[in-house]
Amino acid sequence: MESTSPRQLPYTVTVRRNPHRRARPQSTPATAAAGISIPSCTVPKVPFPTEEILSMDISNSKPDPENLRVFLRIRPLLPSKPSDKRSGIAGDTKARSKNVWPQNPANKNAARDQKRKKNPNAEVCVKVNSARSVTVSPPTALQEPNRLKSEVYDGFSRVFSPDSSQEEVYEMMVKPLVDDFLRGKSGMLAAMGPSGSGKTHTVFGCPREPGMVPLALQHIFKQIPGSSTESLRSFYITMFEISTERGKAEKWVDLSPNGGEITMQQSNLKGLQEIAISDARQAESLIAQAMQKRATATTNSNSQSSRSQCIINIRGVAGNFDGGDNNQANDVVLSIVDLAGAEREKRTGNQGARLLESNFINNTSMVFGLCLRSLLEHQKNPKKPMQKHFQNSLLTKYLRDYLEGKKRMSLILTVKSGEEDYRDTSHLLRQASPYMEIKFNNAEDPSNIPNKRHIQSLSRTEQHKRIKLTGSDSCVIEQEKSIELENELSKEVAQRICEVELSGCSKLGVDSSEGERNHIITKNFAKAVWNVLKEYNKKLKVADNEIQHLRESLITENTRYLELEKELKDIKSYCTCSHIKANADQASYYDNNSTPERLDYTPKKDQYIFSEVQGFGCIDKEPDIDTTIIQSQTEKQFDATVKSSNVGEDSASCLGPGNTDQWNHQICEGLCGSGHSVEIEDSYPNVDAAGLMVNSSESVVIHRKDSCSSVELGDLLSEEDEESSDVVYTEHCNSVDRQSRLDTSYEALHFEKSERRVLPSSLSPRNVNLDVKNETEKSQESFNFPTSPKEYVATKKCNTNDMPDSEARVDISTKPEKPKRRLLPASSTLLRNFSTLDIEDDNEKTRGRKKSAAEGRTRTQGSISLVRLLQSNLRI
Ligand SMILES: Nc1ncnc2c1ncn2[C@@H]1O[C@H](COP(=O)(O)OP(=O)(O)OP(=O)(O)O)[C@@H](O)[C@H]1O
């Protein structure tokens, strides 16, 4: 797996927990034809790891989605003032103070201030844990009755402590947005928080402490001379608010110097003045004028509480400002939203119009929060559609793209740290802290990915009047652009897209286009595929080496097989008759050099031959010994049926007592002349005469008589032409006492005729007593007969190739096998009759015995006569 187990790829991706079961390796056609299976070395088929490739982590190809950045700023505890008035802001404080309830909170605030002076940290509900975490603790008075506990909120992009300055907040929160804006990336910053928590202070600030907008403008125009912002050569600013008229309806108000009420058509604001800005000072002046127009009111929470949602848009345009060639397709917008703070009726004590405003403000804040919550839930569970909460307020309608995650935005949460502000602070953090999980996966960049909607919006935007500010006073209203200009802009947009894709764009690190992202994905995928192919190439090389090794092994095995086959043929050739005939000369060599050692060259075969020779004795050796009967050694071995394929086929030796030598010699010569070898043992010179009959193919039955030795060669000639190599030795010495000396009178050593046998026998004279046992022992010592069963079996196997095991078994204790009946030719019958000396007594001698098949035959009169004649002629 895993199989040999496949190698792990370098970009290992766990694709299969349970590796696929691999099919058994199938033998190739070549090996199948050769009948050779190579299971262990067969290279398993490995499927192409498509899943692995697809599951590879190509981290560089897809940037991590950007989360919604949520900041938290804690307003410091401020000493209460009888009347909070901001310089430069016109307000009817007298009129508003009438609506504030309770009418005179000064006494209450004074007591609180004294308490705070004694212990500034005693009444703080928010404590900063770290740069990203805060703990909100309920006041002591609320802990036990309401069972409130401290809450820890973590994960903020940044937590600004009460001591943090505007510059610090700007550097950490707004400056990145401005930098992105200058690089062509739009963004929005929205300030949320309860009333009086410092939203307006953070966004706009005051002359001593300028807020984010003035600092951003200073940053923008300060960076223009540099090279990094040369792409954005002109900027425009729009300022407007969403307020309510007596709480009944929302309205758009243009906060520009000459602005008025505007309307919204679809997603566009009709009548909104866009003021071109050339420097930071000009822009700050416009902001100041806008703040004077903004609706504010005095509440118990804030002496100058904002009663509307204020939006500031700074649009950057590429190209020359003065030339009028505004390429709005590449516009980027930096939006800063100052939301009206949610208010609690009990705390604010609003009544009448303030109360209606408060409801509008709270409703807008609620819808704004619902939109973000819906976006978050949709991102967590895509099956859950986003609710269209944005339709419930003008603010959310305008900020739809941001609230649906299509554009990047940031949130700054402002809270008050006083213990009386615990509920507002806790509510805001519980509501807004989950927004940190919102991701901008499909954030569009209108500067680089223009779409139809964007172009349409641009065309509509061009219809608006533009206010060109050459100073603090002058303004120039630009004429409407024609449709032809729109087409030209579209062409230029297309060219710009091509340039960005081809040149790689200098903004690659910041804003990778879709084409570049696809290119990176394709590139990494190609790398992954290339690595996989390299691994497979290595595997193929290893497999080739194994195949080569197996081929060499196969060749070696074939060669070895051929050698073994050749050896087997040689062995078979040794076991055949023809081979023995071919080795007749070697047998003669034994005749002349009959030493036991030399007979061992083919021990399994020649031992038997030698045993026969041993039993047969020699014709011309030591005539003083009449007869030596050498039984084949180990009567027990040869008493049973011994099958041998080679023994006795060709060897024959005849011994005859005295006057029978000549005849026997003739017999021997006849046998030898017929191609049979005669095995003559020299190691037994005392053998005087013996009746020896060797059957070349089948069997020889020797009957010893007192008068003379007679040899019955009944089967000799009859089976001469048979090619059977099996020889069965069967020796039955029915009348011989193996433990006693042989009686001088010949006892018939009757060897029952068996199918194949050679019975070594020798006839000794009457006066000669021969200890058969001694001879047997001597022969065993002299010759290497297979005395052990194992050796015997080995010998048997060597000599009887075609013999069944059942026939090859040696059963010593069992009865001798009955000779099989055979039809003998006439010559065999004749010879057998001839070998029977006592014709008349034949029937009497066989009386009481088990009649053999041959003896059972009736002789014809002619054969009897012929036998008598031969006997008389041969003087037997
Ligand atoms: N960080 C601060 N440091 C000093 N004074 C602050 C800070 N934040 C707010 N203030 C003061 O607190 C008062 C209320 O602030 P601000 O008007 O900005 O609240 P707000 O959130 O805008 O309230 P509203 O929603 O009602 O408009 C102001 O007088 C302001 O000067």
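Heads up: numbering here begins at 1 and tracks the sequence. Values reported hereafter were calculated over all heavy atoms of this structure, with side chains retained and with hydrogens, waters and symmetry mates removed.
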Heavy-atom side-chain contact between [X] and [Y] under 4.5 Å:
X: L413; Y: L428; value: yes
X: S335; Y: L189; value: no
X: F156; Y: F71; value: no
X: R69; Y: L411; value: no

Inter-residue atom distance [X].[atom1] - [Y].[atom2], 0.5 Å rounding:
X: L395; Y: T364; atom1: CG; atom2: OG1; value: 6.5 Å
X: L372; Y: E377; atom1: CG; atom2: CD; value: 11.5 Å
X: L339; Y: C310; atom1: CG; atom2: SG; value: 10.0 Å
X: M173; Y: M212; atom1: CE; atom2: CE; value: 5.5 Å

Report task. Start with the C-alpha gap between Q282 and S278, add the side-chain angles, then the distance that decides, and say whether side chain to side chain donor-acceptor pair (under 3.5 Å) holds. Result -> CA-CA 7 Å; Q282 175 199 1; S278 58; 2.9 Å; yes
With distance as the sole test, does [X] use its side chain to make a donor-acceptor pair with the main-chain N or O of [Y] at under 3.5 Å?
X: N363; Y: N359; answer: no
X: Q387; Y: R373; answer: no
X: S374; Y: L370; answer: no
X: E404; Y: F390; answer: no
X: K293; Y: G259; answer: yes

Report task. Decide side chain to side chain donor-acceptor pair (under 3.5 Å) for S243 and S308; before the verdict, give the C-alpha distance in whole Å, the side-chain angles of both, and the deciding distance to 0.1 Å. Result -> CA-CA 5 Å; S243 60; S308 63; 5.8 Å; no
Report task. Mind running salt bridge (charged side-chain N to carboxylate O under 4.0 Å, His left out) on D401 and K407 for me, showing each step along the way? Result -> CA-CA 6 Å; D401 290 342; K407 295 181 180 179; 3.7 Å; yes
Query raised in the report: Which is it for Q218 and E284 under the side chain to side chain donor-acceptor pair (under 3.5 Å) test, yes or no, and what are the steps along the way?
Result: CA-CA 9 Å; Q218 293 175 7; E284 290 176 2; 2.8 Å; yes
Report task. Test T238 against R315 for side chain to side chain donor-acceptor pair (under 3.5 Å), laying out the working first. Result -> CA-CA 8 Å; T238 55; R315 185 169 65 91; over 6 Å; no
**Report entry** R75/D421 under salt bridge (charged side-chain N to carboxylate O under 4.0 Å, His left out): CA gap, chis, key distance, verdict
**Finding:** CA-CA 11 Å; R75 198 201 74 168; D421 301 315; 5.3 Å; no
Query raised in the report: What residue among I312, L334, I287 forms side-chain contact (heavy atoms from CB on, under 4.5 Å) with L217?
Result: I287
Query raised in the report: Mind checking whether Y402 and F368 have ring centres under 6.0 Å apart?
Result: no
